[in-house]
Amino acid sequence: MAAAAAGKAAGAAYGHGESGGGRGGGGFLGPRVPAEVEAMARGVQDVGKETFRRLLKVTVNALEGKDCKESVRLIAESTNLSEEQLAFLISGMYTLLREALRLPLSTFKQEVFKEDLKELRIPEDFITDFSSIVFGNRRPASEGTALIQGSRLPSVQDFRWRVDVAISTSSLARALQPSILMMMKLSDGTAHRFEVPVAKFQELRYNVALILKEMNDLEKRSILKIQD
């Protein structure tokens, strides 16, 4: 979706990497705040309440799978916001709401949500509006679509690997360089074969271990614990 795809470009344009990092992680957005959310939190402080609510309505419509091009065009024509500003505002709102709507109301508390937005320095009035979407009457329609959109990518059904050693190459008579050959079969029926050098494989191991640690840290937070 355009709102989600614009996030990386918006973050780069405003001096952020993909992992964010301006704020200590650990909230509902994860250990690292997405760059587009940080950019949105900065830019939204200069936006009026009426414009913000129009942008929020566009974002909710996008989460529900509706075409928002005309609405965005009307906002651009009636405000002094550039296309770039609209891109990072909407993409940041989209990411924030999408991540919040993935959490069940039984464990995700409104107070925790508001506190996380305060740490991002989002204005109080806007926090109330965000909260009304996540915990109000609009949640069911938005929630279902956000969860469906988040699971569209095919999953891995089978994974195989083996170690191969290149005895020689076109430039070296004797190479003896090991590499890992991998094959993945996905749920959409496609198969992908690729070769991974040892150095890249070590990098993959490190990143997987880092992700598992971050998932473990996130699961320990009280907002994700099932209450008796």
Side-chain angles (χ1 to χ4, degrees), residues 1 3-4 6-8 10-11 14-49 51-60 62-64 85 87-147 149-151 210-227:
M1 179 171 292
K8 291 183 180 179
Y14 281 78
H16 301 287
E18 287 187 31
S19 61
R23 166 182 174 260
F28 74 93
L29 290 166
R32 294 185 179 91
V33 177
E36 62 268 29
V37 175
E38 286 194 329
M40 179 274 295
R42 289 184 174 90
V44 82
Q45 297 178 24
D46 299 323
V47 174
K49 181 182 293 187
T51 300
F52 172 81
R53 289 181 172 174
R54 292 174 68 186
L55 292 170
L56 188 60
K57 183 177 180 180
V58 167
T59 305
V60 172
L63 283 166
E64 295 175 344
Q85 288 175 309
F88 76 76
L89 286 171
I90 295 173
S91 63
M93 292 180 184
Y94 183 94
T95 299
L96 187 151
L97 289 175
R98 182 192 62 196
E99 296 305 313
L101 290 169
R102 287 177 174 174
L103 299 174
L105 287 175
S106 59
T107 56
F108 187 37
K109 304 305 180 185
Q110 188 169 358
E111 294 77 13
V112 174
F113 176 74
K114 288 184 174 181
E115 194 62 35
D116 285 346
L117 297 196
K118 285 180 181 178
E119 290 189 27
L120 288 169
R121 298 183 179 180
I122 293 176
E124 189 70 35
D125 288 346
F126 298 168
I127 292 176
T128 301
D129 289 338
F130 275 126
S131 184
S132 68
I133 299 298
V134 177
F135 299 93
N137 296 330
R138 293 294 301 272
R139 180 181 175 93
S142 302
E143 178 183 28
T145 307
L147 292 175
Q149 290 176 346
S151 59
L210 182 62
I211 291 171
L212 290 174
K213 180 183 181 301
E214 291 180 351
M215 291 173 63
N216 185 58
D217 292 342
L218 187 60
E219 288 174 353
K220 290 179 180 178
R221 283 186 56 83
S222 59
I223 61 170
L224 295 180
K225 290 181 179 178
I226 298 177
Q227 305 293 330

Asks: Rounded to the nearest 0.5 Å, what separation is found between the CD atom of Gln85 and the CE atom of Met40?
Replies: 14.5 Å
Asks: Any idea which heavy atoms bring Gln45 and Arg121 closest together, and the distance?
Replies: NE2-O, 3.1 Å
Asks: Can Ser91 and Glu36 be counted as having a side-chain donor-acceptor contact under 3.5 angstrom?
Replies: no
Asks: If you measure from CG on Leu96 to OH on Tyr94, what distance do you get to the nearest 0.5 Å?
Replies: 13.0 Å
Asks: Could you measure the distance from the CD1 atom of Ile127 to the CD atom of Glu115? Nearest 0.5 Å is fine.
Replies: 8.5 Å
Asks: Which value, rounded to the nearest 0.5 Å, describes the distance between Asp129 atom CG and Glu124 atom CD?
Replies: 10.5 Å
Asks: State, yes or no, whether a side-chain contact exists between Val44 and Phe52 at a heavy-atom distance under 4.5 Å.
Replies: yes
Asks: Hey, does Thr51 have a side-chain heavy atom less than 4.5 Å from the side chain of Leu55?
Replies: yes
Asks: Ignoring hydrogens, what is the shortest heavy-atom contact between Ser131 and Lys114? Give both atom names and the distance.
Replies: OG-CE, 3.6 Å
Asks: Between the side chain of Thr95 and the main-chain N/O of Gly92, is any donor-acceptor distance below 3.5 Å?
Replies: no
Asks: Roughly how far apart are Leu97 CG and Ile133 CD1, rounded to 0.5 Å?
Replies: 7.0 Å
Asks: Just how far is it from atom CG of Leu117 to atom CZ of Phe126, taken to the nearest 0.5 Å?
Replies: 12.5 Å
Asks: Measure across Leu89 and Gly43 and return the closest heavy-atom pair with its distance rounded to 0.1 Å.
Replies: CD2-C, 3.9 Å
Asks: Taking side chain as C-beta onward, heavy atoms only, is Leu101 less than 4.5 Å from Phe108?
Replies: no
Asks: Less than 4.5 Å apart, any side-chain heavy atom of Met93 and any of Val60?
Replies: no
Asks: Angle class for the Phe113/Phe135 ring planes (parallel below 30°, perpendicular above 60°, tilted otherwise)?
Replies: perpendicular
